[in-house]
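Below: one structure, written as C-alpha cells.
For clarity, every value in this text was computed on a predicted model and none was experimentally measured. So you know, we letter chains A, B, ... as the sequences are listed, proteins then strands, and number each from 1.
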Amino acid sequence: MGYDPQAIEARWQAYWEEHQTFRAEVDLEKPKYYVLDMFPYPSGNGLHVGHVEGYTATDIVARYKRMRGFNVLHPMGWDAFGLPAERHAMKSGRHPAEVIVETSGNFRSQLKRLGFSYDWTREINTTDPGYYKWTQWIFLQMWKHYYDREAKTAKPIEELPIPASVRDAGDDAVAAYRDGRRLAYLNEAPVNWCPALRIVLANEEVAEHVEQGYEVIRRPMKQWMLRITEYADRLLEDLEGLDWPSHVLEIQRNWVGRSEGAQIAFAIEGHEGATLEVFTTRPDTLYGATYMVLAPEHPLVATIASSTQKADVDAYVKQTSLRTERDRQAASAEGIKTGVDTGARAIHPLTGETIPIFIADYVLMGYGTGAIMAVPAHDERDHAFAKAKSLSIVQVVAPAKGDAVDVQEAAFVGMGKAVNSPIIDGLPTAEAKAKMIEHLVEKELGVATINYKLRDWLFSRQRYWGEPFPLAYAQDGTVSPIPEDALPVELPSVPDYNPSEEGEPPLARATQWRELPGGLKREVNTMPQWAGSCWYYLRFADPGNADAPWAKDIERYWLPVDLYVGGVEHAATHLLYSRFWHKVLYDLGWVHTAEPFERLVNQGMILGATYVPLDKRRDDDGKKVSFLHEQVDITEDDKGSEVCTVKETGERVEVQWDKMSKSKGNVVNPDEVVSEYGADAIRVYEMFMGPLEQSAPWQTTGLAGTHRFLQRAHRLVWDEAGAVRDMPEGEGTPRQRKLLHKTIAEVTERTDRMGFNTAIASMMVFVRDIQAEGEPIARGAAEQFALLLAPYAPHLAEEMWSALGHSDTLTYEPWPAHEPSLLVDDTFTLVLQVGGKRRGELVAPKSASKEELEAMARESDVVIKWLDGRTPRRVIVVPGRLINFVV
RNA sequence: GCCCGGGUGGUGUAACUGGUAGGCACGGGGGACUUAAAAUCCCCUUCCGUACGGAGUGCGGGUUCGAUUCCCGCCCCGGGCACCA
C-alpha cells in the first residue's frame, strides 16, 4: 500500500481535534506569536483556492513558530454581516443568521480538511450577539469621546472645554456643541446614494460600486459619521514603523492625502465682514490669482450671487446636485470644465484689485474650504477653466533654468522662481512659499495649514443585516445612548428585508422593537460591514469574555498581531478603518500599542484559465467569446510552444489567465483537489507555485508534481508493501549526513523569510539525493526530515513521525538545528576564466592562498590552451570562487 | 498624466553583499520494468552550430577583470492614484 493521503489526513485531523493540539493559552513563560488571516465572509460558494494560498502560508508560519518555541495564537472566524447574506435571505425567505450558520459550517469543515492548525475554541462570528455587543460598545465609546487636538488623544466628552458664549446660550447649546465634537456624530450632508441597492456608500466604496455598474448619486441624508479625520496625521505618521508592503503604505498615504499649504482670506466686494477662505498649496502664486471658484454647495453661494446672475447660479447648483459621480468622473477625464459667474467680486488681498467669483463643480466642497483662488497660469484645471471662460492668465512663476514658457498656451505647474510678484520676486518656489506665508501671517491675511484628502467615515447603512446602533432618539431629535449594561441591542426579526414604503431602513418595520419607554425611538440604521472586522483581531485574544471586550492583561500578552496575511483589496478600507479604531482604543487605554498589525503580507491571486479566440470576438450579446479547459485540446508545435484548439471546431485559441470568478467559469474547487490528491498536496502545490506575494496560474499538472514529491517522501520511510523500512540508527553515511544538514540550514532560512517555494525545492532535492545515494535513509535523518516537512505537509509528517516510533504529535517538537561544521568543505570548485569567459574549473583546497590558486590554475590544461602563450595583463583571484586571467 | 511593482527556457519559478545563469518543478523527448497499459524509476531538454565554438536574463548604452544584480535612456506588462487646489 503506497501513499494514501485520504487515510493519513483523516487520521491526523481526528487526532488534532481529539487532543486539542492547537489550543492556545496565555503562558507568560513563553514568547508569543500572533499570526492572523483576514477572516473570510462565509459565502455560499464555499472556500476557493485563493483562500487556501494565504491560509496555508499562515499555517506554515504558525506551525513553524510553535516548533521554534513560541506560544502561537492562530485563530479563525467569520465576518458574517453584509449584503450577500441579506439578499440570499430575501430570495430564499430564510433568516440570514440561519444561512450563515450553514455557510460558516461549510467553511469550517473545508478548513479542517486542509489541516490548518487553528485554535477552534476561539472561533468568532461578527453576527453573534455576544460579539456585536462589543462592536456596539466600542461605537458607544466613540460617541462618548471627543478628540483633543492639543493633547492628540481622545478624551471623555464631559471634559470638552465649553466656550463661555456657548455656556451662556444654555443647555441646548452646550449639548449641540458637544454633539458637534463627538468621535461618532450625526451629520446631514450629501452622501453617496446607490439607488439600486438603496444604501449609502462610504467614499472608499464608491469606486468599486461604480465599477460594478451601479449608479451612485449625491443626495443629502442624515447619517452617522466617525471622525477618522482627527486621526489623519497619526494614521500617516505611524505607517513609518510598520513592516508592510510598500504599495499598501503608498495606498494609505495616498488615501490620507496630506498636503501642506496656506489658508488665505479674500474680502468680498459689497459684503463687509464676509470673507472667502481658500486653501492653496501654492501661496507663492497668489499674485497670479485672477478669479475665484466656489464649490456649488458652498454656503456663501446663496448670499453673494448678484441679482442678475441669481437664476443662472441656482440652475447650475441644481444641475450639479443631480449629476451622478460617474458623470462627473467622465467629464473630469475629458477635462471639461463647467461653471457660472456669481456676479460677485473678491478683492485681491495684496493688489486690492477685484476679481470675479465663479461657481464650478471642479471645486469640491469636501476638500479644503470648498473654495479656491484660481491661478490659471500654474494650474491645469484653472487653465482649462480660464480658457473656457476667456479669463486672464498671469504668469507669476518662471522656470528656474531653461527656456521661457508660454502660460497662455499651457499651465506651468512646476517649481521655478517667482516673477511679477513684488514681495517675492526672484525667489525659488520653496522659499517663495515660506516668505509669502510669513507675509500673510504678518498682515493677518492667512495662515499655514495642512489639509487631508481623507474624509470622515460615513458609518450608517440602510440595511437589515448589520449591527444595530446602540442609540435612540427623543421626540425632539436629541440622541440618547442605550446603557452599556443593556447591550447588546439585538437585531429584531422583521417581516420584510426591504426598506419601508416611506424609504426608511428595514428595521423601521420592527415597530415594537423600535419603541422604547419615554417616547424614545431606536435608531433604525445599521453599521456597515466593516464594523465587525475593525476589532476582531482583539476579540480573538479573549473571545469568551462576557464582561469586557477583552481583558487588558490578555491583550497585553497576545497583541499586536505579528503577522497578518490577506488580499491587497483591503488596503484602503479594512486596514485603514481598523487602524483608526485601534488608535481610539489606544487613547482610551484598552490596547497597549498604537498599531494593530506589525507585519503585513498580501498574497497574490491564483489565476484560472479560459481560452479565447485569436480575434477576441464577442458573441451576439456583446460578451467575449471564451472556452473552458475541457473544451480545448492542447498540443505543441515544433518549437515547443503550446497550441490550443477548440475540440469541436478545431479553431485556434489562446490561453488567458484571469482572477477566478464564477461568471468566467474558471474556478477551481479545493474540495475536489483534496479528494483527488490530498490536503498536503494542495498545500505544497500552492506554496510551490512561486513567491506568496505574486499571482500565479493554477495548473493541475503542477499539482500532480507535488503529489509525486510527497509520494517519494513517503517511500523514504515505507517500502512498496507499505511496511516501515528497516532503518539504521543515526544520520546515515557522511554524505547523507551532510545533505541532511544542508537541507536543515536551507529550509530553516527559507521558511524564516517566507520563501516557501524555495524551501520546498530544497526538500525535493533532499528526497531525490537520498534516494540516489542507494542507501536507505537513517532513522535520525528521517525524523529530522519529518520535522522539516511538518509545517508544509503536516499530515504526512505526523504519519512519518509516528511510524518512527513516537506516540505524540510532532507539533511541539523543537525545530531541527543544523551542524555548521558539516557544511564547511575543505575543497571548493575554482572556476577558471580567461578574458572574463568561463573556460573550465578545478577542485582546490579551501586553505590555498591566492598565489597557490593562481599557480594551480596556470598549470591547468584549459588555461594553457586559452592563454595560448599570452601573458595575462592582470589576474583576479576571488578565493572560494574563481580566478580570471585578463588578456 | 503621476506613483509603485515586474520583464530570466515551451511554462511556473531559482540564483547570498557584483563572481559558474538556468537549481526545483511542469511540459516535451528517449529508455528501463510490464504480455500490454497505468503507476514507478533512469537519462536528455536555453538557443544557433556536425563539431572546435558562439550567443544569451525586455531593448540600447555605460561602469567593472567580471553585470540577471549597479548607473543612464527607452519599450512592454501588472497594480495604485487621478478635478484633492
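- Rounding to whole angstrom units, CZ of residue A:Arg753 and C1' of B:A15 are separated by 10 Å.
- The distance between atom NE2 of A:His707 and atom P of B:A39, rounded to the nearest whole Å, is 12 Å.
- Comparing B:G54 with B:U63, their C1' atoms are spaced 25 Å from each other, to the whole Å.
- Set against B:C41, B:C4, B:A85, the side chain of A:Arg712 has B:C41 as its closest nucleotide.
- Note on A:Gln833: every side-chain N or O is 4.0 Å or more away from OP1 and OP2 of B:C65.
- A:Gly705 comes within 4.0 angstrom of the backbone, heavy atoms only, and of no base.
- Annotation: A:Asp861, atom CG; neighbour count of heavy atoms from other residues, nucleotides and ligands within 6.0 Å does not exceed 12.
- If you check the side chains of A:Tyr316 and A:Thr338, you find a donor sitting under 3.5 Å from an acceptor.
- Using a 4.0 Å cut-off, some side-chain N or O of A:Arg715 falls inside it from OP1 or OP2 of B:C41.
- Take the nearest nucleotide of RNA chain B for A:Gly836 and for A:Thr369: the residue whose nucleotide is more 5' is A:Gly836.
- Surrounding CZ of A:Arg753 are more than 12 heavy atoms belonging to other residues, nucleotides or ligands, all under 6.0 Å away.
- Heavy atoms of A:Pro245 sit nowhere under 4.0 angstrom from any nucleic acid atom.
- B:U8 and B:A55 have their C1' atoms separated by 15 Å, with the value rounded to a whole Å.
- Comparing the C1' positions of B:C77 and B:A67 gives a spacing of 24 Å, expressed to the nearest Å.
- Distances from the side chain of A:Lys865 to the nucleotides B:C83, B:A21, B:C52 place B:C52 closest.
- The CD atom of A:Gln694 sits 15 Å away from the P atom of B:G78 (whole-angstrom rounding).
- For A:Trp866, whose side chain is taken as the heavy atoms from C-beta onward, the closest listed nucleotide among B:U20, B:A14, B:G53 is B:G53.
- Between B:G22 and B:G60, the distance separating the two P atoms is 22 Å to the nearest Å.
- Defined by atom type and a distance below 3.5 Å, a donor-acceptor pair is present between the side-chain atoms of A:Ser762 and A:Glu746.
- Of the candidate nucleotides B:U20, B:C65, B:A25, B:C65 has the atom nearest to the side chain of A:Arg874.
- Of all non-hydrogen atoms in A:Ile264 and A:Met373, the two that sit nearest each other are CD1-SD, 4.3 Å.
- One C1' atom belongs to B:G10, the other to B:U46, and the distance between them is 10 Å to the nearest Å.
- Here B:C83 presents its P atom at 17 Å from CZ of A:Phe385, a figure rounded to the nearest Å.
- Minimum atom distance to the side chain of A:Thr829 is reached by B:U20, of the listed B:U20, B:G12, B:A85.
- Between A:Arg750 and B:C16 there is no side-chain polar atom (N or O) within less than 4.0 angstrom of OP1 or OP2.
- Taking 90° from 0 as the syn/anti boundary, the base of B:G9 is oriented syn.
- Remark: the separation of the C1' atoms in B:G49 and B:G56 is 15 Å, to the nearest Å.
- Side-chain atoms of A:Asp456 and A:Thr229 include a donor-acceptor pair closer than 3.5 Å.
- A side-chain N or O of A:Glu277 and one of A:Gln263 form a donor-acceptor pair less than 3.5 Å apart.
- Among the protein residues, A:Ser695 comes within range of the sugar-phosphate backbone only, with heavy atoms under 4.0 Å from sugar or phosphate atoms but none that close to a base.
- A straight line from NZ of A:Lys453 to C1' of B:C3 spans 11 Å, rounded to a whole angstrom.
- Residue A:Val765 is classed as a sugar-phosphate contact, given heavy-atom separations below 4.0 Å to backbone atoms only.
- Side-chain atoms of A:Tyr367 and A:Ser259 include a donor-acceptor pair closer than 3.5 Å.
- The shortest distance between the side-chain N/O atoms of A:Arg708 and the OP1/OP2 oxygens of B:C26 is below 4.0 Å.
- For A:Gln711, counting side-chain heavy atoms from C-beta on, the closest listed nucleotide (B:U40, B:U20, B:A25) is B:U40.
- Atom CD of A:Glu380 has 12 or fewer heavy atoms from other residues, nucleotides or ligands within 6.0 Å.
- Evaluation of atom-type donor-acceptor distances gives no pair under 3.5 Å for the side chain of A:Asn254 against the base of B:C81.
- Among B:G19, B:C26, B:G79, the nucleotide with an atom closest to any side-chain atom of A:Glu250 is B:G79.
- Nearest to the side-chain atoms of A:Val886 among the listed nucleotides B:C26, B:C65, B:U20 stands B:C65.
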Query raised in the report: So what's the dot-bracket for RNA chain B: Watson-Crick or G-U pairs under 3.5 Å, [ ] if a pair crosses, | if it pairs off-strand?
Result: (((((((..((((.....[...))))((((((.......))))))(((....)))..(((((..]....))))))))))))....
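- One P atom belongs to B:U40, the other to B:C26, and the distance between them is 10 Å to the nearest Å.
- If you take CZ of A:Phe412 and C1' of B:A85, they are 17 Å apart, rounded to a whole angstrom.
- For A:Asn757, a side-chain nitrogen or oxygen approaches OP1 or OP2 of B:A14 to under 4.0 Å.
- Between A:Lys837 and B:G56 there is no side-chain N or O to OP1 or OP2 distance below 4.0 Å.
- A:Tyr362 and A:Asp382 are linked by a side-chain donor-acceptor pair at a separation below 3.5 angstrom, with hydrogens and angles left out of the test.
- Salt bridge annotation for A:Lys850-A:Glu854: absent, with no cationic side-chain nitrogen under 4.0 angstrom from a carboxylate oxygen.
- In terms of phosphate contacts, A:Ser259 brings a side-chain nitrogen or oxygen within less than 4.0 Å of OP1 or OP2 of B:A85.
- Rounded to whole angstrom, the span from the CG atom of A:Leu364 across to the C1' atom of B:A85 amounts to 9 Å.
- Where A:His247 and A:Arg839 each meet RNA chain B at their nearest nucleotide, the meeting point lying more 5' is that of A:His247.
- Minimum atom distance to the side chain of A:Ile251 is reached by B:G80, of the listed B:C16, B:A25, B:G80.
- Nucleotides B:G18 and B:U64, compared at atom C1', are 9 Å apart to the nearest Å.
- Rounded to an integer number of Å, the gap from CG of A:Asp379 to C1' of B:A82 is 13 Å.
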